[in-house]
Asker: 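First the structure, then my questions, so here it is.
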Number of protein chains: 2
Amino acid sequence: MAKPSESEAALQQTADLLHSASIRVLRRIRSVDAATGLSGPRLSVLSVIVFRGPLSIGDLAAAEQVQPPTISRMIKDLAHEGLVRRRPATHDRRVQLVSATAAGRRLLNRGRQRRVLELSALLETLPPSEQQVVQAAAEILLRVAT
Amino acid sequence: MAKPSESEAALQQTADLLHSASIRVLRRIRSVDAATGLSGPRLSVLSVIVFRGPLSIGDLAAAEQVQPPTISRMIKDLAHEGLVRRRPATHDRRVQLVSATAAGRRLLNRGRQRRVLELSALLETLPPSEQQVVQAAAEILLRVAT
DNA sequence: AAACATTCCTTAGCTAAGCTAAATATTAAT
DNA sequence: ATTAATATTTAGCTTAGCTAAGGAATGTTT
């Protein structure tokens, strides 16, 4: 590993801080998520389904960075719990289009609300100037991190 | 749910952005982590062991927000792979103190290096002013989010 | 000091979520 | 009409989470 230049070192320090901060933020949220009654992975796929509309199994697998069989089974379970509905696409009956039921949307939105409130409580302890820094950083990262 | 005031709404928007940004940052890192040959959970406990020194099973469980049996089994496996070592504490022979081996530290540091470089590549595309915003935000969040 | 209670860890056994390989069904192409 | 390709499912394995129950060491009470 070559010796990094000064600016590279600064970049790496920022990267390191960002890594740790992201971990802590999500760790904080995880505890609150338990209240939904869904596991992390299920909550995550339900979220994709709710916000990115009807979607095939394959698209869901790509979105979750997971293999199709994993999604296939989760959708079966979520459908059985009435949170999600699936039907063959009209243009290609191999693909299953998955969408959220009203119950699925309700559950997700309540969970999302709890999460947001948990983080809000954290941000509330900051002076407004720092809140703005956090917001600006989040916007920057959302722009560049796919 | 009561109607939020204007500042509460702003806070919630920031919280929402922060949530999404954190997810995307960690998702980006996950792909790189696969190169270590360790799963996410194992990498995570190894990291805690390396950076927080010798630690009991119970402390590790608390750090990872997981029940002790989960850690107990993972430590058994990591020890078997030579990445970690455990021995009874001298002052209380019920507790097992876990520490990293040289091999464990090497593996972790290489992985950490890869992660940091991956994020650095992302940050590099930003103008310096935005890099500073991200760094400032990360520092703020590390301060308030345990 | 003996008995009881507590604490730390492990074992056993379950479920969920990840994987690969192989099967099925539909569509596309030759 | 076959053959190839694609989308999903099924089957079977591993890892990681859980709870319940047990063993060993330590603390507490009488």
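Just so we're clear, the structure is a prediction, and the values are computed from it rather than from any experiment. Chain identifiers are assigned alphabetically (A, B, ...) following the order of the sequence lines, protein sequences preceding nucleic acid strands; residue numbering begins at 1 within each chain.
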Asker: Side chain of A:Ser72 only, heavy atoms from C-beta on: which candidate in D:dT10, D:dA16, D:dG12 is closest?
Answerer: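 Minimum distance to the A:Ser72 side chain belongs to D:dT10.
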Asker: Could you check how far CG of A:Leu38 sits from P of D:dG17, rounded to whole Å?
Answerer: 18 Å
Asker: Ion pair present between B:Lys76 and B:Glu81, side-chain N to carboxylate O less than 4.0 angstrom?
Answerer: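 Here B:Lys76 does not pair with B:Glu81 in a salt bridge, since their nearest N and O are not under 4.0 Å apart.
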Asker: Without decimals, in angstroms, what is the distance between A:Ile75 CD1 and C:dA17 P?
Answerer: 11 Å
Asker: Scan nucleotides 22-30 of chain C nucleotide by nucleotide, 5' to 3', and note B when protein non-hydrogen atoms come under 4.0 Å of the base, S if they reach only the sugar-phosphate, - if neither.
Answerer: ---BBS---
Asker: Measure NE2/A:His80 against C1'/C:dT15 and give the value in whole Å, please.
Answerer: 16 Å
Asker: Report the residue (A:Pro68 or B:Pro68) whose heavy-atom-nearest nucleotide on DNA chain C is the more 5′ of the two.
Answerer: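 So the residue in question is B:Pro68.
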Asker: Name the closest nucleotide to the B:Arg42 side chain, picking from C:dC9, D:dT15, D:dT8.
Answerer: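 Looking only at heavy atoms from C-beta outward on B:Arg42, the closest nucleotide is D:dT15.
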Asker: Roughly how many Å is it from CZ in B:Arg86 to C1' in C:dC9, rounded to a whole number?
Answerer: 9 Å
Asker: To the side chain of A:Ile57, which of D:dA16, D:dT8, C:dT20 is closest?
Answerer: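 Among the listed nucleotides, the one closest to the side chain of A:Ile57 is D:dT8.
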Asker: So, A:Arg112 and B:Asp16, do they make that salt bridge, N to O below 4.0 Å?
Answerer: yes
Asker: One thing to verify: whether A:Asp59 and A:Arg52 come together as a salt bridge, which I'm taking to mean a side-chain N less than 4.0 angstrom from a carboxylate O.
Answerer: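 Looking at A:Arg52 and A:Asp59, the cut-off is not met.
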Asker: For the side chain of A:Met74, starting at C-beta, report the closest nucleotide among D:dA16, D:dT8, C:dA17.
Answerer: C:dA17
Asker: Measure from CG on B:Leu55 to P on C:dC8 and round the result to the nearest Å.
Answerer: 14 Å
Asker: Is A:Arg73 close enough to C:dT15 that one of its side-chain N or O atoms is under 4.0 Å from OP1 or OP2 there?
Answerer: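 No, A:Arg73 has no side-chain N/O under 4.0 Å of OP1/OP2 on C:dT15.
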Asker: Check the distance between C:dT10's C1' and B:Leu60's CG and give it to me in whole angstrom.
Answerer: 15 Å
Asker: Taking the nucleotide of DNA chain D with the nearest heavy atom to each, does A:Leu97 or B:Thr70 sit closer to the 5' end?
Answerer: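 This one resolves to A:Leu97.
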Asker: Which nucleotide sits closest to the side chain of A:Gln67: C:dA17, C:dT10, C:dC19?
Answerer: C:dC19
Asker: If you check the A:Val95 side chain, which of C:dT10, D:dA16, D:dT8 turns out closest?
Answerer: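 Side chain of A:Val95 sits closest to D:dT8.
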Asker: Would you say a side-chain N or O of A:Ser39 is under 4.0 Å from OP1 or OP2 of C:dA17?
Answerer: yes
Asker: Decide whether B:Leu122 and A:Ile140 are clustered together by the hydrophobic rule: side chain heavy atoms of Ile, Leu, Val, Met, Phe, Trp, Tyr closer than 4.5 Å, transitively.
Answerer: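 They do share one cluster, since a chain of ILVMFWY contacts under 4.5 Å joins B:Leu122 to A:Ile140.
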Asker: Could you tell me how far apart B:Lys76 (NZ) and C:dT10 (P) are, to the nearest whole angstrom?
Answerer: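 B:Lys76 atom NZ is separated from C:dT10 atom P by 10 Å.
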Asker: Distance check, rounded to the nearest 0.5 Å: A:Ser22 atom OG versus B:Leu26 atom CG?
Answerer: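 Spacing of OG (A:Ser22) from CG (B:Leu26) equals 5.0 Å.
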Asker: Find the distance between CG (B:Leu107) and CG (B:Leu83) and round it off to the nearest 0.5 Å.
Answerer: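 One gets 6.0 Å once the value is rounded to the nearest 0.5 Å.
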Asker: Would you mind checking if A:Asp33 and A:Arg114 are paired as a salt bridge, meaning a charged N to carboxylate O distance below 4.0 Å?
Answerer: no
Asker: Taking atom P of D:dG23 as reference, at what distance in whole Å does atom CD of B:Gln96 sit?
Answerer: 18 Å
Asker: Would you say B:Glu64 and B:Ser44 are linked by a side-chain donor-acceptor pair, where the criterion is simply a distance under 3.5 Å?
Answerer: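 Distance-only check passes for B:Ser44 and B:Glu64.
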